[in-house]
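What follows is one structure encoded as structure tokens, with my remarks underneath.
All heavy atoms count here, side chains included; hydrogens, waters and symmetry mates do not. Numbers restart at 1 for each chain; the letters A, B, ... are given by sequence-line order, proteins then strands.
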2 protein chains.
Amino acid sequence: MNLQQLRVLRETVRNGFNLSEVALAIVGSQSGVSKAIKELEDELGVKIFVRKGKRLLGLTEAGASIVSHAEKALQEVDNIRRVVSRLEDADSGRLVLATTHTQARYSLPEIVRAFRNRFPKVQLALRQASPPEIAGLLETGEADIAIATESLKANALFVCFPFFKWYHGVVVPKGHRLAVKAAKGEHLALADLGQEPIITYHAGFTGRTMIDATFARAGITPQVVMEALDADVIKAYVALGMGIGIIASVAYDEESDRDLSLLDASELFAENTTVLAVRRGRLLPGYAMRFVQLCIRGLSDQALQRAVQSEG
Amino acid sequence: MNLQQLRVLRETVRNGFNLSEVALAIVGSQSGVSKAIKELEDELGVKIFVRKGKRLLGLTEAGASIVSHAEKALQEVDNIRRVVSRLEDADSGRLVLATTHTQARYSLPEIVRAFRNRFPKVQLALRQASPPEIAGLLETGEADIAIATESLKANALFVCFPFFKWYHGVVVPKGHRLAVKAAKGEHLALADLGQEPIITYHAGFTGRTMIDATFARAGITPQVVMEALDADVIKAYVALGMGIGIIASVAYDEESDRDLSLLDASELFAENTTVLAVRRGRLLPGYAMRFVQLCIRGLSDQALQRAVQSEG
DNA sequence: GATGCTTACGATACCCGTAAAGATA
DNA sequence: TATCTTTACGGGTATCGTAAGCATC
């Protein structure tokens, strides 16, 4: 058994059991990949993959266990390298942050500025992506830190910390019927929203899951006329009069959104918690730990390290 | 980087930084071992070992981290093999149990009998050793399960479960002054023991640490005239009249120790807890899990697996 | 027919061991 | 001097890639 075989295993799973793609991913030939698998299976005396003829379809039961252990082993090998790069220059390196539009646009700028100030030599890469993509980036190690409201909490491979809590709000054009109602001091009701064309986030983004669940629980079928990936787009179409918007209230800015009103909806939709996640068992560079601590106030080095080391 | 290099690293630490011994341990040549280290250090660009001239003295700071990650990686590689052997024949294999005389002789026989009954095809190896040796066997993976009162609890590499609780007792020849006193209903005092020649366990065995601490706390210097590794030897010399014995009370048998009396000492010496320990992060064969469950009543598969997977 | 996996074969590089040299106690 | 580590060199093997063959879709 050797490390290359384990890498092939890992990449085979990650690349959907297509050995040609695996060969590209690890920079090698199909034949080498194929042989690596064969030899490992022969040595262990167990089939790792389910095959249909010559095609690989998935993992056998034993294969699933084997791959999970292989990934841990590779993670530790990777950590050995990280131990070294930590020493070389603790304040330089690269930090990849995967996050959504909402976070990138509204909650992270200040933190990023503080971080760059403190670690000017760290190359900070901000990768904006959809929640499932974000989870994928963190899982494969392409990203060091992920921040999102959806997709992260359920994954046992991640260690999650509550980043911040926020509520949805309703944005309407100035003078809209609902704005007038709110101005009178009348509370907004879910039923009010049900009667309006709604513009909000795409499924799986920024609390959309929770929005849908709330409507469903109330027995209301909202008329979603448009789904966007970010609040800026939503606000633009609300301004055009296409409907009312449901967005994260942090995405409303009194200054720049002068033609829109933000109505409080904290009593209609439950609180949302955006989480910061790191890959479990992965050694973080010192500056990455600092970044996490900038996000999660009062998190000690010890507590962080312990959380990362813990098993799900 | 390859697995062999990591193995060399591990064995180098285990064999006291003597590369010649490492070569024997991994079945190879000194030169190969030396080169493996050199190449790994070159690749990483970090010195792993502290050298004085050509001699290896210990680990550098970075080296210590590297070795700990290397051990985890190797552990996972090992677990891959264990996944396989688990499947092949779940009810056969080998189980190495490291324990002390006291446990082997007095608490384990029934459990072992029950286990052999259930898993007749498992080769059960019982390795009797001193507590530090037991810890070593478990740490290196030579033993799967360790049971002892000392040496195990403090090690973060082990997961410990309380096996059973017991007290020390005092054995004296029939008709001994202290036996007479006890027969009158008078309580035994530490001071009584201080006046007698004492025969008990060797330092580091079967609660001896606790015995010494108790005497020290009372300001008494016991006259230990003989130290033995097990209660059978102690009892033999007590029978010869060399002194009184302090042993685990479970080691006294009314039937076979007819010429001796056991005096209760549960109020003099604190309770002892014998623990069962397994190596953290090491995949156990199904039958090994069953053995643990025979020892620790009411421990579910889940709870056990979770404990083993957890990080210290 | 296009894509994907396996086998065969040849070249390369890696790894290991023997042996000699250098260093340490 | 005896023990221990490093370096040098040679042999064997494992690994990898090209190319061909074959199965699946």
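- B/Ile66 places a side-chain heavy atom less than 4.5 Å from the side chain of B/Leu9.
- At a threshold of 4.5 Å between non-hydrogen side-chain atoms, the residues A/Leu6 and B/Ile80 count as touching.
- Each end of the helix from C/dG1-D/dC25 to C/dA25-D/dT1 gets its own rotation axis from five pairs of C1' atoms, and the angle between them is 40° to the nearest 10 degrees.
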message: Between A/Arg208 and A/Glu227, is the side-chain contact (heavy atoms from CB on, under 4.5 Å) condition met? List the steps.
response: CA-CA 10 Å; A/Arg208 171 66 190 271; A/Glu227 300 178 323; 2.8 Å; yes
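- Judged as a salt bridge (Lys or Arg N to Asp or Glu O under 4.0 Å), and not counting sequence neighbours, the contacts of A/Arg81 are B/Glu43.
- Under the salt bridge (Lys or Arg N to Asp or Glu O under 4.0 Å) criterion, A/Lys121 pairs with A/Asp89, sequence neighbours left out.
- In this view, A/Phe291 and A/Phe115 satisfy the ring pair (Phe, Tyr, Trp, His ring centres under 6.0 Å) rule, not counting sequence neighbours.
- Sorted by first and then second residue, the side chain to side chain donor-acceptor pair (under 3.5 Å) pairs with a member in residues 123-133 of chain A read A/Ser130-A/Glu133; sequence neighbours excluded.
- Counting any heavy atom pair closer than 4.0 Å across all strands shown, B/Phe49 reaches no nucleic acid atom.
- The outermost nucleotides of DNA chain C lying under 4.0 Å from heavy atoms of chain B, listed 5' to 3', are C/dC15 to C/dA25.
- The side-chain contact (heavy atoms from CB on, under 4.5 Å) check on B/Gln309 picks up A/Lys72, A/Glu311, with sequence neighbours excluded.
- The line from CG of B/Leu19 to OG of B/Ser31 is 11.0 Å long, rounded to the nearest 0.5 Å.
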- request: Would you give a per-nucleotide map of nucleotides 15-25 of chain D, 5' to 3', where B means the base has a protein non-hydrogen atom under 4.0 Å away, S means only the sugar-phosphate does, and - means neither?
  value: SBBBB-BBBBS
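- The side chain to side chain donor-acceptor pair (under 3.5 Å) pairs that include a residue from residues 142-154 of chain A are A/Thr140-A/Glu142, A/Asp144-A/Arg282, A/Thr149-A/Thr274, A/Glu150-A/Thr209, where partners are two or more places apart or lie in different chains.
- Between B/Thr200 and B/Phe205, every side-chain heavy-atom pair lies at or beyond the 4.5 Å cut-off.
- Residues from residues 18-25 of chain A with heavy atoms under 4.0 angstrom of DNA chain C, sorted by number: A/Asn18, A/Leu19, A/Ser20.
- Every residue two or more places apart in sequence or in another chain was checked for a side-chain hydrogen bond (donor to acceptor under 3.5 Å, both in side chains) with B/Gln5, and none qualifies.
- Residues passing the side-chain contact (heavy atoms from CB on, under 4.5 Å) test with B/Asp232, sequence neighbours excluded: B/His101, B/Arg105, B/Tyr106, B/Asp230, B/Lys235.
- Between the P atom of D/dA14 and the CG atom of A/Asp42 lies a distance of 14 Å, rounded to the nearest Å.
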